[in-house]
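See structure below.
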Amino acid sequence: MTPHNSAKAGDYADSVLLPGDPLRARWIAENFFEDAVEVNAVRNCLGYTGTYKGQRVSVQATGMGQPSLSIYVHELINFYGVKNLIRVGTCGGLSEKVAVRDLVIAQGATTDSTLVKDAFGPYNFAPIADFGLLRDCVARAEVAGLNYHVGNMVSSDIFYHDDGLKSYEVVIRHGALGVEMEAAALYTLAARFGVKALAVCTMTDSLITGAALSAADRQSSLRDMVTLALDVAINA
Ligand SMILES: O=P(O)(O)O[C@H]1O[C@H](CO)[C@@H](O)[C@H]1O
Ligand SMILES: O=c1cc[nH]c(=O)[nH]1
């Protein structure tokens with residue numbers, strides 16, 4: 001048990017999917033797991049363990065933003081022994097190449113967060129995905145015929161930027177594909193504690209074209225991402 005998690009030692013599988021939204025965690029457990037058991041509901045930040053294709057797997061919501069994700073991920077690694085962490089998120093689109101419903105597989109994550117900046121003294125640490133998880137994910141996305149993009153994600157601490165799109169101009173010029181709020185902290189903690197991590201996001205609203213998924217369409221469009229992430233998780 002931790003201040004944020006009532007699960008007991010051993011309640012989580014080695015591989016855990018990480019949505020921001022607690023209701024997405026429940027939806028994953030109810031629709032993709034067999035024999036799902038709720039292992040955490042502290043603060044309604046829901047966590048479940050079950051089986052997928054006969055193998056034990058978990059899902060734990062992280063809440064929104066890098067401080068929140070960092071709490072759950074730190075505890076999953078250090079108190080529950082989790083080895084493979086796969087974020088299943090949503091992101092905004094920063095490139096014309098990325099259409100709504102496309103997957104952005106974050107090879108690396110650029111951030112404005114002091115969580116990452118302040119931890120490395122003179123260095124600008126490059127938070128990156130585990131190569132094995134990334135390679136497996138890309139190979140499976142290819143076989144499944146999914147529309148996917150691999151590259152740099154922006155993990156911002158700010159959802160409502162005062163300057164809107166202008167705030168992302170420099171990262172867009174350097175090829176960033178999408179913006180979300182957690183991947184950089186996930187990759188940094190995974191590097192710090194020697195575990196594997198990957199972030200995959202479905203693009204739900206383009207900051208470039210203004211195209212967006214309706215709330216109703218979001219859930220169904222996340223199915224491909226969740227299936228892909230689960231296959232990577234049980235193979236990790
Ligand atoms: O859909 P999730 O996984 O929460 O991810 C994105 O959505 C939230 C913002 O609306 C942030 O957490 C961002 O990273
Ligand atoms: O963090 C996020 C998530 C979805 N869309 C955005 O614009 N930002």
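Order of listing sets the numbers, starting from 1, for every ligand and every atom in it.
Note on Val104 and Leu17: separate hydrophobic clusters, where clusters join Ile, Leu, Val, Met, Phe, Trp and Tyr whose side-chain heavy atoms are under 4.5 Å apart, directly or indirectly. With hydrophobic clusters built from ILVMFWY side chains whose heavy atoms lie under 4.5 angstrom apart, Val82 shares a cluster with Val200.
Taking 4.0 Å as the cut-off between side-chain N and carboxylate O, Asp231 and Lys53 count as a salt-bridged pair.
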N/O pairs closer than 3.5 Å, ligand 2 and protein:
unit_1   : atom_1 : unit_2 : atom_2 : d
ligand 2 : 5 (N)  : Gly92  : N      : 3.2
ligand 2 : 5 (N)  : Asp205 : OD1    : 2.9
ligand 2 : 5 (N)  : Asp205 : OD2    : 3.2
ligand 2 : 7 (O)  : Asp205 : OD2    : 3.1

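Looking only at protein heavy atoms, the nearest one to atom 4 (O) of ligand 1 is Gly20 CA, 3.4 Å. Among protein heavy atoms, the minimum distance from atom 11 (C) of ligand 1 is reached at Glu182 OE2, 3.5 Å. Looking only at protein heavy atoms, the nearest one to atom 5 (O) of ligand 1 is Arg87 NH2, 2.9 Å. Given atom 10 (O) of ligand 1, the protein heavy atom at minimum distance is Phe159 CE1, 3.5 Å. Closest to atom 7 (O) of ligand 1, if we only count protein heavy atoms, is Thr90 OG1, 3.4 Å.
Interface atoms of ligand 1 facing Gly89, defined by a heavy-atom separation under 4.0 Å, are 3 (O). Proximity to Arg24 (heavy-atom distance under 4.0 Å) selects the following atoms of ligand 1: 1 (O), 2 (P), 3 (O). Each of the atoms 14 (O) of ligand 1 lies under 4.0 Å from some heavy atom of Glu180. Listed by number with element, the atoms of ligand 1 under 4.0 angstrom from any heavy atom of Met64 are 8 (C), 9 (C), 11 (C), 12 (O).
Side chains of Asn5 and Tyr12: a donor on one and an acceptor on the other come within 3.5 Å. For the 3.5 Å distance criterion, the side chains of Thr111 and Gln66 qualify, holding a donor opposite an acceptor.
Residue Pro19 has no N or O atom closer than 3.5 Å to an N or O atom of ligand 1.
Using the six-membered ring where Trp is involved, Phe120 and Phe125 have ring planes that are parallel, under 30° apart on the 30 and 60° scheme.
To the nearest 0.5 angstrom, Arg56 atom CZ is 14.0 Å from Ile234 atom CD1. Rounding to the nearest 0.5 Å places CG of Leu76 at 12.0 Å from NZ of Lys83.
Nearest heavy-atom pair across Leu69 and Leu186 is CD2-N, 3.6 Å. Of all heavy-atom pairs spanning Thr90 and Arg24, the tightest one is CG2-NH2, 3.7 Å.
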Q. Passes side chain to side chain contact (heavy atoms under 4.5 Å, CB included), Asn31 versus Arg223? Steps please.
A. CA-CA 10 Å; Asn31 290 279; Arg223 279 186 181 278; 4.3 Å; yes
